[in-house]
Amino acid sequence: MTVAVVLLATALVIVVALLAAAGAGKLARMDGATYPTALTRAAVAFAAVITLAATAASVFATLLT
């Protein structure tokens with residue numbers, strides 16, 4: 001049961017990160033950025049969401065143990 005919850009939470013974080021990256025890339029293109037710049041902004045947004053999720057998980061793990 002615990003493994004299933006961890007896998008579902010990981011999948012949810014990845015989906016949210018992909019959505020944030022897609023949104024950042026789309027907004028960058030709408031702002032007139034070139035494709036490489038938009039891709040860079042999307043990658044930064046993806047990495048930021050993953051980092052934030054890892055930090056939150058670390059804090060929760062520390063508090064719950």
Side-chain angles (χ1 to χ4, degrees):
M1 179 74 175
T2 304
V3 175
V5 171
V6 170
L7 288 176
L8 286 173
T10 304
L12 179 65
V13 167
I14 289 174
V15 167
V16 169
L18 287 173
L19 287 173
K26 178 64 178 172
L27 287 174
R29 281 298 293 158
M30 288 174 61
D31 195 34
T34 62
Y35 282 109
T37 304
L39 185 61
T40 301
R41 290 183 188 172
V44 168
F46 180 81
V49 171
I50 295 295
T51 303
L52 180 62
T55 304
S58 173
V59 168
F60 289 143
T62 303
L63 291 175
L64 296 176
T65 57

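The structure presented is a predicted model; accordingly, all values stated were derived computationally and were not measured. One is the number of the first residue; the rest follow in order along the sequence.
Looking at every heavy atom in both residues, Ala33 comes nearest to Ala38 through CB-N, 4.4 Å. Scanning both residues, Phe46 and Ile14, for their nearest heavy atoms gives CE1-O, 4.4 Å. Minimum interatomic distance between Thr37 and Thr34 (heavy atoms only, all atoms of both residues): OG1-OG1, 3.0 Å. For Ala42 against Ala24, the heavy-atom pair with the smallest separation is CA-CB, 4.3 Å.
Distance check: Leu7 CG to Leu12 CG gives 12.5 Å after rounding to the nearest 0.5 Å.
Both Val13 and Leu18 are part of a single hydrophobic cluster, where members link through side-chain heavy atoms under 4.5 Å apart.
Using a distance-only test at 3.5 Å, with no hydrogens or angles considered, a donor-acceptor pair links the side chain of Thr40 to the main chain of Pro36.
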